[in-house]
Number of protein chains: 2
Amino acid sequence: MRPYKHPNADELTLERIFHALSDPARLEIVRHLARVEAATCGELDGGRPKSSMSHHFRILRDAGLVHTRAAGTVHQNTLRASELNARFPGLLEAILAQASDGGSPAEEQKATH
Amino acid sequence: MRPYKHPNADELTLERIFHALSDPARLEIVRHLARVEAATCGELDGGRPKSSMSHHFRILRDAGLVHTRAAGTVHQNTLRASELNARFPGLLEAILAQASDGGSPAEEQKATH
DNA sequence: ACCAATGTTCGATAATAGTCGAACTATCGA
DNA sequence: TCGATAGTTCGACTATTATCGAACATTGGT
């Protein structure tokens, strides 16, 4: 559990990002993080075991979508929104587009800017 | 080989789209289609057998990214750019962003608008 | 020091996905 | 009608990925 390895913004590949987002659990995590700013792994499990969540978070980290930082006994996850917007303009906007079907469009502004 | 089944714009899901784009061959196909307007399956194989290409095109069709229309003995594939832009604004822009690394940004304008 | 809580890592298993040859279908041209 | 061309479908094999329990590590509180 030594410090996490996060890829630099210029090391990200869309292929890896798309793979990370192709899983429903992970897409849900990303959308949730877009709304809440920061969240622990435990807050986002949908009844899934910890080992599964850890797996998904690792893939999100490796893809460069999520940043994880240990804060005491808890690990805070954040969307790497500004870096993603800089490297792939429009991507986050697209990810959150469908989530707003029937919801408030204003909700998304937090993460896309 | 009866007429292809293409999902309607409102039936598309990001999960399916992201899965379709998570394969390097398919991402390459989409990027190529963004530049050329229309292309046959055969034009886009990278030495891969026809059965593999057919598989990839089916996934791209099912995801709603590509439209295929039989034109004589050939099948013309096109990016469903306008529908994708309407449903997931920013998505195509993001897909083509990385492709322009070191290339001409003007190239992409064709498909994103 | 001990305990509880939060995640990670490991290993096994199951599910999903990509690859490719071969047989098949449909269309066009001679 | 025969042959050539473009893709699809099928089936088998391989590889990648998801799931989950169990053991482990780290931190904070008492």
Side-chain angles (χ1 to χ4, degrees), chain A residues 1-7 13-30 32-33 36 38-79, chain B residues 1-7 13-30 32-33 36 38-79:
Chain A
M1 206 186 301
R2 60 199 153 304
Y4 297 101
K5 192 187 61 176
H6 294 96
T13 69
L14 274 181
E15 189 184 319
R16 198 180 294 268
I17 287 176
F18 287 146
H19 167 250
L21 294 171
S22 69
D23 182 279
R26 293 193 292 262
L27 187 53
E28 190 53 41
I29 290 172
V30 168
H32 188 104
L33 286 179
V36 300
T40 64
C41 303
E43 295 180 66
L44 300 176
D45 64 357
R48 278 173 280 267
K50 300 191 294 180
S51 52
S52 293
M53 293 309 291
S54 187
H55 167 69
H56 288 311
F57 272 104
R58 197 174 85 78
I59 289 180
L60 289 171
R61 270 194 302 272
D62 289 352
L65 288 162
V66 166
H67 180 88
T68 305
R69 141 186 69 91
T73 177
V74 138
H75 295 204
Q76 289 292 347
N77 299 284
T78 56
L79 239 199
Chain B
M1 207 187 305
R2 58 197 156 304
Y4 297 101
K5 192 187 60 175
H6 293 97
T13 69
L14 274 181
E15 188 184 320
R16 198 180 293 269
I17 288 176
F18 286 146
H19 167 249
L21 294 172
S22 68
D23 182 278
R26 293 193 294 262
L27 188 53
E28 189 53 41
I29 289 172
V30 168
H32 188 103
L33 287 178
V36 301
T40 64
C41 304
E43 295 180 67
L44 300 176
D45 64 358
R48 278 174 280 267
K50 299 193 296 181
S51 52
S52 293
M53 292 310 291
S54 186
H55 169 69
H56 288 310
F57 272 103
R58 196 174 84 79
I59 289 179
L60 290 170
R61 269 195 303 271
D62 290 351
L65 287 162
V66 165
H67 180 88
T68 305
R69 142 187 67 91
T73 177
V74 137
H75 296 206
Q76 289 292 346
N77 299 284
T78 56
L79 238 199

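The chains referred to below are lettered A, B, ... by the order of the sequence lines, with proteins before strands, and numbering in each begins at 1.
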Compile the donor-acceptor pairs under 3.5 Å between side chains in residues 44-57 of chain B and protein atoms, sequence neighbours left out, one pair per line.
unit_1, atom_1, unit_2, atom_2, d
His56(B), ND1, Arg26(B), NH1, 3.0

How far does CG of Leu27(A) sit from OG of Ser22(A), to the nearest 0.5 angstrom?
-> 9.0 Å

Output for pair (Leu21(B) CG, Ile59(B) CD1), nearest 0.5 Å, gives 11.0 Å

Touch class at under 4.0 angstrom, heavy-atom based, for Arg69(A) against every strand present | nothing

For nucleotides 16-20 of chain C, list the nitrogen or oxygen atoms of the protein found under 3.5 Å from its nitrogen or oxygen atoms, one pair per line.
unit_1, atom_1, unit_2, atom_2, d
dG18(C), OP1, Arg26(B), NH1, 3.1
dG18(C), OP1, Arg26(B), NH2, 2.6
dG18(C), OP2, His55(B), NE2, 3.1
dT19(C), OP2, His56(B), NE2, 2.6

Measure the distance from [atom1] on [X] to [atom2] on [N] and round it to the nearest whole Å.
| X | N | atom1 | atom2 | answer |
| --- | --- | --- | --- | --- |
| Arg58(B) | dG7(D) | CZ | C1' | 14 Å |
| Phe57(A) | dT9(C) | CZ | P | 14 Å |
| Glu15(A) | dT17(D) | CD | C1' | 15 Å |
| Met53(B) | dG7(D) | CE | P | 9 Å |
| Asp45(B) | dT8(D) | CG | P | 12 Å |
| Lys50(B) | dT8(D) | NZ | C1' | 9 Å |
| Leu60(A) | dA18(D) | CG | P | 10 Å |

Minimum heavy-atom separation for Ala63(A) to Ala20(A), with atom names?
-> CB-CB, 3.7 Å

Which angle, rounded to 10°, do you find between the first-five-pair axis and the last-five-pair axis of the helix from dA1(C)-dT30(D) to dA30(C)-dT1(D)?
-> 30°

Considering residues at least two apart in sequence or located in another chain, which fulfil the ring pair (Phe, Tyr, Trp, His ring centres under 6.0 Å) criterion with Phe18(A)?
-> Phe18(B)

Taking only residues two or more places apart in sequence or in another chain, which ones pass ring pair (Phe, Tyr, Trp, His ring centres under 6.0 Å) with His6(B)?
-> His67(B)

Tell me whether the OP1 or OP2 atom of dG7(D) has a side-chain N or O from Arg61(B) closer than 4.0 Å.
-> no

OP1, OP2 of dT8(C) versus side-chain N and O of Tyr4(A): anything below 4.0 Å?
-> yes

Residues passing the side-chain contact (heavy atoms from CB on, under 4.5 Å) test with Pro24(B), sequence neighbours excluded, are Glu15(A)

Please list, chain by chain and in numerical order, all residues satisfying side-chain contact (heavy atoms from CB on, under 4.5 Å) with Thr40(A), sequence neighbours excluded.
-> Glu43(A), Val74(A), Gln76(A)

Which comes earlier along DNA chain D counting from the 5' end, the contact point of Ala71(A) or that of Gly42(B), where each point is its nearest nucleotide?
-> Gly42(B)

Using atom names, set out every protein N or O paired with an N or O of nucleotides 11-13 of chain D below 3.5 Å, distance rounded to 0.1 Å.
none

Base of dT26(D) paired with side chain of Thr73(A) (donor-acceptor, under 3.5 Å) = no

Sorted by first residue and then second, give each salt bridge (charged side-chain N to carboxylate O under 4.0 Å, His left out) pair with at least one member in residues 60-77 of chain B; sequence neighbours left out.
-> Arg58(B)-Asp62(B)

Looking only at atom types and distance, does a side-chain atom of Asn77(B) sit under 3.5 Å from a main-chain N or O of Thr68(B), one as donor and one as acceptor?
-> no

